[in-house]
There are 2 protein chains.
Amino acid sequence: MDVLKQMQKLALFQGVPAEKLKALAERALYRTYKAGEMFIGETDPAHAFYVIITGQVKLYKSSPEGREQTLNLLGPGDPFGMCTAFAIESFPANAMALEESGILLIPGPVMEAIAMKEPRLLVNIIQILSDRLRESMTLIESLSLKEIPQRLASFLIHALTREGGQGMNQLELTVTQRELAKILGATPEALSRGIRKMSNAGVLAVDGRSIRILDRKALGELAEGD
Amino acid sequence: MDVLKQMQKLALFQGVPAEKLKALAERALYRTYKAGEMFIGETDPAHAFYVIITGQVKLYKSSPEGREQTLNLLGPGDPFGMCTAFAIESFPANAMALEESGILLIPGPVMEAIAMKEPRLLVNIIQILSDRLRESMTLIESLSLKEIPQRLASFLIHALTREGGQGMNQLELTVTQRELAKILGATPEALSRGIRKMSNAGVLAVDGRSIRILDRKALGELAEGD
DNA sequence: CCTTCCCGTTGATCCAGGTCAATGACGCCC
DNA sequence: GGGCGTCATTGACCTGGATCAACGGGAAGG
């Protein structure tokens with residue numbers, strides 16, 4: 001496990017000189033988490049910077065009655081815990097590994113000390129935070145202004161464009177439909193019905209985790225909430 | 001209107017040497033917007049950094065049917081448009097002045113050039129973004145997991161602690177109930193009914209824009225969603 | 001091979017809250 | 001002072017989706 005090699009590949013560290021990375025790598029800790037394992041509760045201090053190397057992690061909030069809302073689905077290369085490293089005292093959500101995952105832990109103060117001398121790293125962080133903020137706004141919009149089929153449609157559009165550019169019309173989910181429901185802010189039942197409605201309308205066809213888009217235009221119109 | 005004086009007071013510019021601020025101030029533009037005036041649509045490029053000097057601004061999303069969700073309510077000293085200055089192409093929301101407002105505009109490239117040489121400014125931005133991200137997460141949690149009275153309760157708790165610390169049990173809204181409804185992700189009717197329910201329960205008393213908390217403990221329990 | 005989960009699906013029921021419509025109370029401008 | 005637009009409120013109604021319960025199927029583990 002060559003930590004340094006891994007770090008060099010990440011968008012987070014693009015443009016950061018190798019010796020700075022080395023300083024970080026020396027003080028970083030690599031750990032693996034089993035599927036279903038939680039790293040941080042909402043109240044833990046957790047002054048560290050986490051970077052996912054392998055696997056999949058979700059950030060989520062849960063209600064006292066046990067309902068859950070996924071805030072973010074993170075994969076290899078995605079960092080989190082930026083907030084706590086620089087600013088906020090306690091982590092604002094829960095984090096759970098969805099599969100066996102390898103995570104790099106960089107102590108907050110270490111990260112901060114090095115970043116202060118390396119503006120490029122700070123800018124990278126700003127870009128990532130901006131992106132997250134934009135995603136959050138999209139989620140808020142979905143939850144507040146869209147119904148479930150529309151949310152699914154815009155989720156799919158995003159996933160498609162992120163994955164395979166334009167021509168793509170096939171998609172393999174990285175999570176179960178249950179988890180997808182939590183991302184969309186719905187129950188599994190409601191999602192299932194939404195899917196059914198859309199496949200009846202000839203927009204898409206779902207088989208387990210694989211989704212085929214049959215009518216991309218209709219999907220786009222749904223996503224815009226028309 | 002001494003722009004430089006104003007800038008020195010802002011959290012955004014704390015710790016930034018005066019000569020850098022001066023360089024920014026020289027290339028900044030001060031403009032006023034009338035109540036109800038929109039600055040940026042979701043699709044405009046708007047590569048600028050905005051800082052509110054006076055007045056009140058909301059960031060929001062709207063649906064084709066005309067429903068609106070307020071993402072952020074911003075007041076004097078609050079910056080926005082961070083995303084576009086560094087990262088994202090188009091602004092991810094709409095912005096509208098709720099009252100007559102004076103805004104400082106710093107062109108994106110200017111801001112970027114100076115920030116690159118001034119890590120402290122970058123760190124300030126990171127802190128503000130982290131904070132916004134945390135607020136967004138709270139809003140997502142509210143929309144997805146809480147009902148309206150609970151949302152109102154947690155909004156009030158936040159507002160109270162932000163305003164007057166602990167002892168405070170009186171609160172003057174800066175916006176109409178209509179606008180508050182858009183912040184909470186509800187209709188004015190639903191909010192009105194929520195308020196009524198809570199005042200029947202003896203938790204608070206509302207008169208126009210002024211709210212008096214009668215049972216802080218009950219309010220806290222509501223906010224936690226118990 | 002049989003059991004045991006968990007996942008997706010479907011049906012029945014219920015309710016929070018959105019929508020529509022009407023009313024009264026202010027504040028504003030002519 | 002009298003119209004007028006906006007705001008808050010209330011009632012009646014409707015619906016999206018949550019909840020509860022039941023069932024089939026595939027994967028994992030005995």
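All values reported here derive from a predicted model rather than from experimental measurement. Every chain is numbered from 1, with letters handed out A, B, ... down the list of sequences.
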Subject >> B/Phe13: partners by ring pair (Phe, Tyr, Trp, His ring centres under 6.0 Å), with sequence neighbours left out >> reply: none

**OP:** Would you please name every residue forming a ring pair (Phe, Tyr, Trp, His ring centres under 6.0 Å) with B/Phe155, sequence neighbours left out?
**Re:** none

Original post:
For B/Asp207, does the CG atom sit with more than 12 other heavy atoms under 6.0 Å from it, leaving out its own atoms?
Top reply: no

Subject >> Contact boundaries on DNA chain D for chain B, cut-off under 4.0 Å to non-hydrogen atoms >> reply: D/dC7 to D/dA12

Original post:
If you take all heavy atoms of A/Ser101 and A/Gly55, which pair is closest and at what distance?
Top reply: OG-CA, 3.5 Å

**OP:** Using distance alone, with no hydrogens and no angle criterion, decide if B/Gln56 and B/Thr174 have a side-chain donor and acceptor under 3.5 Å apart.
**Re:** yes

**OP:** Look at all strands and tell whether A/Leu191 reaches a base, only sugar-phosphate, or nothing, counting heavy atoms closer than 4.0 Å.
**Re:** nothing

Original post:
Which part of the nucleic acid, if any, lies within contact of A/Arg193, taking any heavy atom under 4.0 Å across all strands shown: a base, the sugar-phosphate backbone alone, or nothing?
Top reply: base

Original post:
Does any pair with a residue in residues 144-153 of chain B pass salt bridge (charged side-chain N to carboxylate O under 4.0 Å, His left out), and if so which ones, sequence neighbours excluded?
Top reply: none

Original post:
Does the side chain to side chain contact (heavy atoms under 4.5 Å, CB included) test come out yes or no for B/Ile103 and B/Val51, once each step is laid out?
Top reply: CA-CA 6 Å; B/Ile103 313 281; B/Val51 183; 5.9 Å; no

Original post:
Which pairs count as salt bridge (charged side-chain N to carboxylate O under 4.0 Å, His left out) when at least one residue sits in residues 171-182 of chain B, sequence neighbours excluded?
Top reply: B/Lys58-B/Glu179, B/Glu68-B/Lys182, B/Glu179-B/Lys182

Original post:
Do you know which of B/Leu139, B/Leu143, B/Leu145 makes side chain to side chain contact (heavy atoms under 4.5 Å, CB included) with B/Glu141?
Top reply: B/Leu145

Original post:
Which dot-bracket string fits DNA chain C when only Watson-Crick or G-U wobble pairs with both atom distances under 3.5 Å count, crossing pairs get [ ], and | stands for a partner on a different strand?
Top reply: ||||||||||||||||||||||||||||||

**OP:** With sequence neighbours left out, write down each residue that passes salt bridge (charged side-chain N to carboxylate O under 4.0 Å, His left out) with B/Glu135, or none if nothing qualifies.
**Re:** none

Original post:
What are the residues of residues 177-187 of chain A, sorted by number, that bring a heavy atom to within less than 4.0 Å of DNA chain D?
Top reply: A/Gly185, A/Ala186, A/Thr187

Original post:
Considering residues, nucleotides and ligands other than B/Arg212, do more than 12 of their heavy atoms fall under 6.0 Å from its CZ?
Top reply: no

Original post:
Under the side-chain contact (heavy atoms from CB on, under 4.5 Å) test, which residues partner B/Ala186, sequence neighbours left out?
Top reply: B/Ile148, B/Ala190

**OP:** Under 4.0 Å from any atom of DNA chain C, heavy atoms only: list the residues of residues 197-205 of chain B that qualify, in numerical order.
**Re:** none

**OP:** Go through DNA chain C in 5' to 3' direction and return only the first and the last nucleotide with some atom under 4.0 Å of chain A's heavy atoms.
**Re:** C/dC7 to C/dA12

**OP:** Output, in order, the C-alpha distance, side-chain angles, deciding distance and verdict of side chain to side chain contact (heavy atoms under 4.5 Å, CB included) for A/Arg209 and A/Thr176.
**Re:** CA-CA 7 Å; A/Arg209 289 197 188 183; A/Thr176 63; 3.3 Å; yes

Original post:
So, for B/Phe91 and B/Tyr50, is the gap between ring centers shorter than 6.0 Å?
Top reply: no

Original post:
In chain order, what residues pass the side-chain contact (heavy atoms from CB on, under 4.5 Å) check against A/Gln177, with sequence neighbours excluded?
Top reply: A/Leu191, A/Ile195, A/Val206

